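What you see is a predicted model; the values in this text were computed from it and never measured. Chain naming here is simple, since letters A, B, ... match the order of the sequence lines and numbering starts at 1 in each.
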Amino acid sequence: MSGNNNRRLADGSTIADLIDLDRREVQLRTLSDREIYEWEQEKIFGKTWLLLGHESEIPNDGDFVQRFMGDDSVIVARHKGEVFVSLNVCPHRGMKITTQDAGTASIHKCIYHGWAFRGNGDFLGSPVADQCMHGTISTKEELALKQARVTLYGGLIFATWNIDGPSFEDFLGDAKWYYDMLFCRSDKGMEVAGPPQRFVVRANWKAAGEQSAADGFHTLTLHRWLGEVGNYKKDDGESGDLTPEMFGAEVSSPHGHALRCIDLNRKIRRLTGKDPEELSTEEKLRVLPPPGMTGEAFEQLKRNLSPEQLEVMAWMPPQVGGMFPNVLFGYVYIPQADGSVVGSMTLHAYVPKGPDKLEFTNWIFVEKDTPPELREKMVMQTIQLFGTSGMVEQDDSDTWPHMTLTAKGPQGRFSTMKYQAMYETGKPEGWPGPGIVNEGFTKDDTQWHWWKYWYDLMTAED
Amino acid sequence: MTSENASVDFFEQCGDELAIGSEIYNKVLGFYHKEARLLDNLKFMEWAETLATDIQYNVPIRQTRLVKDSQSSVLYSMRHMYEDYRSLMGRAMRLSGNSAWAEDPASRTRRFVSNLAVFATGTEGEYAAVSYLLITRNRFDDDHFDLIPCERRDIVRLEDGVWKLAKRDVILDQVLLGTPNLAIFL
Ligand code: FES
Ligand SMILES: [Fe+2]
């Protein structure tokens, strides 16, 4: 723990009082206190890298979308080929520069008094500048839209207000090795199927955020229908048991990132009728390519990933997990009724909207060269399982509001969330990947590491 | 990124408008009243029987756009629901099963259907029907209602004397949907 910030909440407690590091417990009040929410805006959403979208949403010069970094609206725009993220607040009197969700404009003109800006935030001028409309006290540079620091990764747009903070690579750390397998595996890269789904859940963003750090256990109960009537239904009468799906390896990160790598052997055995041990990495990837790819795309995988990454991709690829603080990824291999497998690629951002509200933003991806028929199947399947109407995630969105409510009770707020299912295994034998890796049935370590990083940031010196 | 706009042809396929109170109009209106009753009373499998097996069911996303770009305010490249007969049956079965926690305990819903217009189409026995739908949804102790106002653009079909829903596009009025999921049918 690096932090030693002694800032106190109104009742005198510090962040350290809310988290029991030895017992791996977190007080529920973290999900309801407005004060904590406000600190988070500064110390988390003001400091870490945040997912805002994908460059395929703004392919052409002048294209823009409106997104949120914490409670701040920002304009994500393409200007002369580059992506810029500008605070969507007019430096004149604070009107929103754009009120649209998306559009194309070479000049962003504030509708209130007409000040104008370029896609990179540069102040162009005011309509009656000759009458000294923007004065002489502020320079034109000072009147530009505030710029966030931007990075593109696999085409995904990340931004931060922490201008001199850690690089995006440092932020990802060892987890990058695994994320590369998801976001940087094809020659042409991914693209969004369309703009994201957006809906409101009356829950604290961390109820969703900590779950995204690879909560495996909840799948067994909350998503039990998957085994009862859904895609994982067995014909052997053992309806409902999802435990065989919970084996694999989990990757934790000191920066709160998490990836659940789920064993593909059972699927490969079903597809080939062969013992996966007898198949080469290439053979496995040709029969069960990653979501959005076909067997022929193996050559692309070989070009873009290392032999060690290919080995993990064919064996236990990362399928669900998160990126701190508020991103969930699902790059999953879904069994179909006819015995085949169709993948889904989805990313969510759980955007905070006050202590008891979040915006669920859901992007669905395909590879740019995913064949049209497969693409359609993927988009349809992903909409049916994830996001607004997703038969899996509708159960999640009904759970988090209850946690947020219990966290308000005068007794309930001092109840704790427990992360005491601990790994004692270490990496699977022969595992070539970096990071904190543990093998076996899912545990709580990844989520605990998520909270530890939350703690680090919340207690960090300003 | 595709931005095909599947709703454009809906009004193009609308032929003559049927008079309010005419026989077919009343039948279609009755179909909607019955549908609302089935769904509001959680009779999902009975509702599923009113679906044509070739049904297409879509809830496109909305975006806030300038009036000049309003064709982009309804987008099919991403949808909140993108369903066929199989998936709707799957949803109905899930809701009728043991572990559909998003709707167990169930929401108390009421579907108000109004402003119905029915049009002939080029196909015998098929009618285009546009209506307004307001769903009120209440869960647990909530002292508010989630309101889901929308427009349904449907094709209803008379199959061997039985009315079936052959196509539905639901145009939502919210960009940022104010209900935590669409675990209910629109
Ligand atoms: S507030 Fe934007 S020009 Fe005045
Ligand atoms: Fe879940």
Using 30° and 60° as the class limits, which term best fits the ring planes of H348(A) and F386(A): parallel, tilted or perpendicular?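 Taking F386(A) first and then H348(A), their aromatic rings sit tilted (interplane angle of 30° to 60°).
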Parallel, tilted or perpendicular for H108(A) and F64(A), by the 30°/60° rule?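 Taking F64(A) first and then H108(A), their aromatic rings stand perpendicular (interplane angle over 60°).
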Contact origin within [X] toward chain A - heavy atom pairs under 4.5 Å:
X	result
A183(B)	both
V59(B)	neither
D84(B)	both
L66(B)	both
Q174(B)	neither

Heavy-atom pairs under 4.5 Å with chain B: which of V201(A), T99(A), L405(A), I383(A) has the most? I383(A)
Find the one option among T361(A), T221(A), V379(A), L222(A) whose heavy-atom pairs under 4.5 Å with chain B are most numerous. L222(A)
Sort out for me which of [options] touches chain A most, counting heavy-atom pairs under 4.5 Å.
options	value
T64(B), D146(B), V175(B)	T64(B)
E83(B), R91(B), Q63(B)	R91(B)
N98(B), L95(B), I184(B)	N98(B)

Quiz question: by atom type and distance under 3.5 Å, do the side chains of S389(A) and Q394(A) form a donor-acceptor pair?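 Not at all, the side chains of S389(A) and Q394(A) share no donor-acceptor pair under 3.5 Å.
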Do D69(B) and S72(B) get their side chains close enough for a donor-acceptor pair, meaning under 3.5 Å?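 Side chains of D69(B) and S72(B): no pair found under 3.5 Å.
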Test side chain to side chain contact (heavy atoms under 4.5 Å, CB included) on F360(A) and N181(B); report intermediate values, then the result. CA-CA 10 Å; F360(A) 191 130; N181(B) 55 52; over 6 Å; no
Can you check whether Y127(B) and W163(B) have ring centres sitting under 6.0 Å from each other?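 Yes, the ring of Y127(B) comes within the 6.0 Å limit of the ring of W163(B), centre to centre.
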Expected output: side-chain E376(A) to main-chain E373(A) donor-acceptor under 3.5 Å: no
